[in-house]
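Before any comments, here is the structure.
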Amino acid sequence: MERANSLLQAPTYGNLITILSIDGGGVRGLIPGTILAFLEDELQKLDGEDARLADYFDVMAGTSTGGLVTAMLAAPNENNRPLFAAKDIKQFYLDHCPGIFPQEKSVFGHASKILKSLEGPKYDGKYLHEIAKEKLGNTKLHQTLTNIVVPTFDIKRMQPVIFSSYEVKRTPSLDVLLSDICIGTSAAPTYLPAHYFKYEGHSGEIREYNLIDGGVAANNPALAAINEVSNEIYTGSPDFYPIKPSDYNRYLVLSLGTGTTKCDEKYDADSAAKWGMLSWLTSGGSCPLIDVFMQASGDMVDLHLNTIFKALHCEKNYIRIQDDTLMGEISSVDISTKENLGNLVKAGEELLKKPVSNVNLATGVSEPISRHTNEEILKRLAEVLSKERRLRYIRSPQGNGRANYGHAQTGQAETS
């Protein structure tokens with residue numbers, strides 16, 4: 001099983017292991033989409049207009065809407081280049097979110113959604129199935145241009161299933177269509193139906209999948225991505241020699257959130273104390289139960305990684321960009337009106353101008369930890385990624401020690 005050629009040489013030839021992680025969050029995927037478009041634009045300023053994120057990250061991880069973005073950025077087109085440029089993600093969401101999450105136009109729309117959610121998911125998922133299969137075609141997990149990690153949850157086995165480019169080499173039954181992976185990881189309970197499909201191997205073996213949203217397992221998949229890399233190092237993969245799993249100073253992680261509700265905006269104990277099952281599923285115009293476990297999952301992963309990277313004196317290697325100031329409709333995962341989608345794009349653009357921040361679990365809000373903005377940090381990150389890519393090329397057998405990387409691939413001379 002061979003992976004399609006990427007322009008990024010193995011980490012063994014460089015100094016870093018580069019990881020991109022994208023949270024789940026439905027239509028709020030426009031926020032990390034906007035961030036990624038900015039980063040890719042900075043990379044293109046350094047290495048030419050053909051530069052793509054898949055050329056710089058060893059691993060791309062995504063849950064739910066983040067899994068869909070990951071697949072679009074890593075799947076090959078007919079020219080063996082990424083199917084989507086990062087700048088195309090925004091238009092994809094603007095064009096297709098209204099089909100995935102069709103809005104009730106009657107004056108009784110909200111009440112109708114609540115009643116429908118008592119009988120089944122709010123949306124039938126047919127449009128998502130169609131667009132995922134149309135865009136991703138017959139591409140399978142092993143064919144992505146860089147390694148990907150996409151968490152899902154198997155409701156029949158009652159356990160997480162992580163679709164990993166690393167694990168697929170040892171577990172062939174994971175080598176399923178990217179479209180099925182995207183549909184499965186996006187199947188948020190109460191919003192979209194669970195996804196069933198089968199893997200049929202060459203020797204007749206069959207594995208059934210009964211998947212729901214990966215957010216119930218890892219809405220922030222950054223830790224899952226690190227775990228997959230660590231497991232690959234444990235196997236003795238030559239791609240990582242002589243790196244050890246505990247060498248966190250070699251990891252460079254960009255973790256992107258999809259935005260969260262302002263901490264005092266939606267719910268409080270007085271209200272929740274009176275809730276029964278129906279209220280936990282429908283209060284505040286969304287599903288509090290899902291909001292709670294996805295937010296908790298994301299923050300706990302962020303807290304853990306912050307602590308680990310600080311303890312090992314490499315906190316600059318972990319970059320988390322998240323917005324906790326969303327209020328009202330913009331905090332929803334499924335309001336796909338033109339106005340709300342436009343506001344989400346604006347939220348992403350404004351997030352670029354905000355200072356680098358970390359969540360304070362004592363207060364529940366993000367607090368600035370640097371005088372630099374997210375935009376400035378991403379510009380620096382682009383420089384690091386570009387230099388790392390050049391370094392690997394020079395050290396690899398392909399580069400053979402030549403410091404002219406960029407001439408053949410991008411038409412630009414190497415810069416220091």
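The figures that follow rest on heavy atoms only: side chains count, while hydrogens, waters and symmetry mates do not.
Defined by atom type and a distance below 3.5 Å, a donor-acceptor pair is missing between the side-chain atoms of Gln398 and Tyr393. Using a 3.5 Å distance cut-off with no hydrogens or angles, the side chains of Lys169 and Thr235 do not pair a donor with an acceptor. At a cut-off of 3.5 Å, with distance as the only test, no side-chain donor of Thr373 or Glu375 sits close to an acceptor on the other residue. Looking at Thr18 and Asp58, their side chains do bring a donor and an acceptor atom within 3.5 Å of each other.
Within the 4.5 Å cutoff, the side chain of Ser255 has no heavy atoms near those of the Asp302 side chain. With a 4.5 Å cut-off on side-chain heavy atoms, Ile308 and Ile226 do not count as touching. Looking at Tyr123 and Asp334, their side chains come closer than 4.5 Å, going by heavy atoms from C-beta outward. Using a 4.5 Å cut-off on side-chain heavy atoms (C-beta onward), Arg52 and Gln44 make contact. Val150 places none of its side-chain heavy atoms less than 4.5 Å from the side chain of Pro221. Considering only heavy atoms from C-beta on, Leu312 stays 4.5 Å or farther from Asn317 through its side chain. No side-chain heavy atom of Ile100 sits under 4.5 Å from any side-chain heavy atom of Tyr93. Leu20 is listed as a side-chain neighbour of Leu254, based on a closest heavy-atom distance under 4.5 Å.
Nearest heavy atoms, Gly215 versus Asp213: N-OD1, 2.7 Å. For the residue pair Val27 and Ser332, the shortest heavy atom distance occurs at CG2-O, 3.6 Å.
Judged purely by atom type and a 3.5 angstrom limit, Arg28 uses its side chain to pair as donor or acceptor with the backbone of Thr258. With hydrogens and angles disregarded, a donor-acceptor distance shorter than 3.5 Å links the side chain of Asp88 to the backbone of Ala85. Judged by distance alone, with hydrogens and angles left aside, the side-chain atoms of Asn219 form no donor-acceptor pair with the main-chain N or O of Asp23 at under 3.5 Å. The main-chain N or O of Ala74 is never found under 3.5 Å from a side-chain atom of Thr144 such that the two would form a donor-acceptor pair. A side-chain donor-acceptor contact under 3.5 Å links Thr307 to the backbone of Leu303. Checked by atom type and distance alone, the side chain of Gln103 pairs as donor or acceptor with a backbone atom of Phe101 at under 3.5 Å. Judged purely by atom type and a 3.5 angstrom limit, Ser165 has no side-chain atom pairing as donor or acceptor with the backbone of Asn147. A donor-acceptor pair under 3.5 Å is absent between the side-chain atoms of Thr65 and the main chain of Gly25, judged by distance alone. One N or O on the side chain of Ser357 and one on the backbone of Pro355 form a donor-acceptor pair closer than 3.5 Å. Between the side chain of Asp154 and the main chain of Arg157, a donor-acceptor pair closer than 3.5 Å is present.
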**Full working for salt bridge (Lys or Arg N to Asp or Glu O under 4.0 Å) between Asp175 and Arg207** = CA-CA 11 Å; Asp175 194 30; Arg207 177 171 176 177; over 6 Å; no
**Prompt:** Given Leu326 and Thr260, is the side-chain contact (heavy atoms from CB on, under 4.5 Å) satisfied, shown in steps?
**Reply:** CA-CA 6 Å; Leu326 305 184; Thr260 67; over 6 Å; no
**Request:** Tell me, with the steps shown, if Arg81 and Asp55 meet side-chain contact (heavy atoms from CB on, under 4.5 Å).
**Result:** CA-CA 9 Å; Arg81 294 294 293 141; Asp55 301 327; 2.8 Å; yes
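One finds a salt bridge joining Arg389 and Asp47 here, because a Lys/Arg side-chain nitrogen approaches an Asp/Glu carboxylate oxygen to under 4.0 Å. The existence of a salt bridge linking Glu388 and Arg392 is confirmed by a sub-4.0 Å separation between a basic side-chain nitrogen and an acidic carboxylate oxygen. At a threshold of 4.0 Å, the pair Asp180-Lys198 does not count as salt-bridged, since none of the basic side-chain nitrogens sits closer than that to a carboxylate oxygen. Ion pair Arg170/Glu167 flagged as a salt bridge, since at least one NZ, NE, NH1 or NH2 atom sits closer than 4.0 Å to an Asp/Glu carboxylate oxygen. Here Lys45 pairs with Glu42 in a salt bridge; the nearest charged N to carboxylate O distance falls below 4.0 Å.
Heavy-atom neighbours of Tyr196 OH from other residues, nucleotides or ligands within 6.0 Å: above the threshold of 12. Counting heavy atoms of neighbouring residues, nucleotides and ligands inside a 6.0 Å radius, atom CD of Glu339 does not exceed 12 of them. Heavy-atom contacts from other residues, nucleotides or ligands closer than 6.0 Å to NZ of Lys87 number 12 or fewer.
Interatomic distance, CG of Leu341 versus CD of Glu329, reported as 10.5 Å (0.5 Å rounding). With rounding to the nearest 0.5 angstrom, the OG1 atom of Thr70 is 6.5 Å from the CG atom of Leu73. The distance from the CD1 atom of Ile22 to the CD1 atom of Ile89 is 8.0 Å, given to the nearest 0.5 Å. Here the CD-CG distance, from Glu315 to Leu305, works out to 13.5 Å after rounding to the nearest 0.5 Å. Here the OG1 atom belonging to Thr34 is positioned 13.0 Å from the CG atom belonging to Leu39, to the nearest 0.5 angstrom. Atoms CG and CD1, on Asn374 and Ile319 in that order, are 9.5 Å from each other to the nearest 0.5 Å.
Ring orientation note: the planes of Tyr248 and Phe309 are nearly perpendicular, at an angle over 60° on the 30°/60° scale. Using the six-membered ring where Trp is involved, Phe197 and Tyr209 have ring planes that are parallel, under 30° apart on the 30 and 60° scheme.
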